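To start, the structure under review is shown below, and the notes come after it.
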Amino acid sequence: MDNQLTILKRDARGRVRSTAEARAEAVAEYRRSGLSASAFAKMAGISKNTFWNWLQSHGLTQKRGPAKSNVHPPVRFVEVAAQTAPASALLVRLPGGATVEVADERQAALVARLVQSLA
């Protein structure tokens, strides 16, 4: 925050009480901070859930859908036969649509390491 001390008032149950203006100011400061929402909430002394609600009310979040599985589809390798005539480039298409073009044979080892690290 910008060197100004903002005291958040709390009720008897320890909940943060703030005006709409104070919430808007906190959200604006969060956007300038570059911090994650969790880190900013902790720094500001606001519950993560409360701060999340403030962000939602300012249209800065999306409602979460069903939890995504961390299971990745199996990697598939395709055998290719090299042509006798030198090709101008090797094109590697990765899942998700990314494409890697290998124009120099010295880059082949680098691309192989890249593909292995994605597996």
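Predicted, not measured: the structure shown is a model, and the values here were computed from it. No hydrogens, no waters, no symmetry mates; every other heavy atom, side chains included, goes into these values.
Among residues two or more places apart in sequence or in another chain, the side-chain contact (heavy atoms from CB on, under 4.5 Å) test is passed with K48 by S38, A41. With sequence neighbours excluded, the residues forming a side-chain contact (heavy atoms from CB on, under 4.5 Å) with L35 are S33, A39, F40, M43, listed by chain and number. R13 pairs by the side-chain contact (heavy atoms from CB on, under 4.5 Å) definition with D11, R15, not counting sequence neighbours.
In this structure the side chain of Y30 never reaches within 4.5 angstrom of the side chain of W54, judged on heavy atoms.
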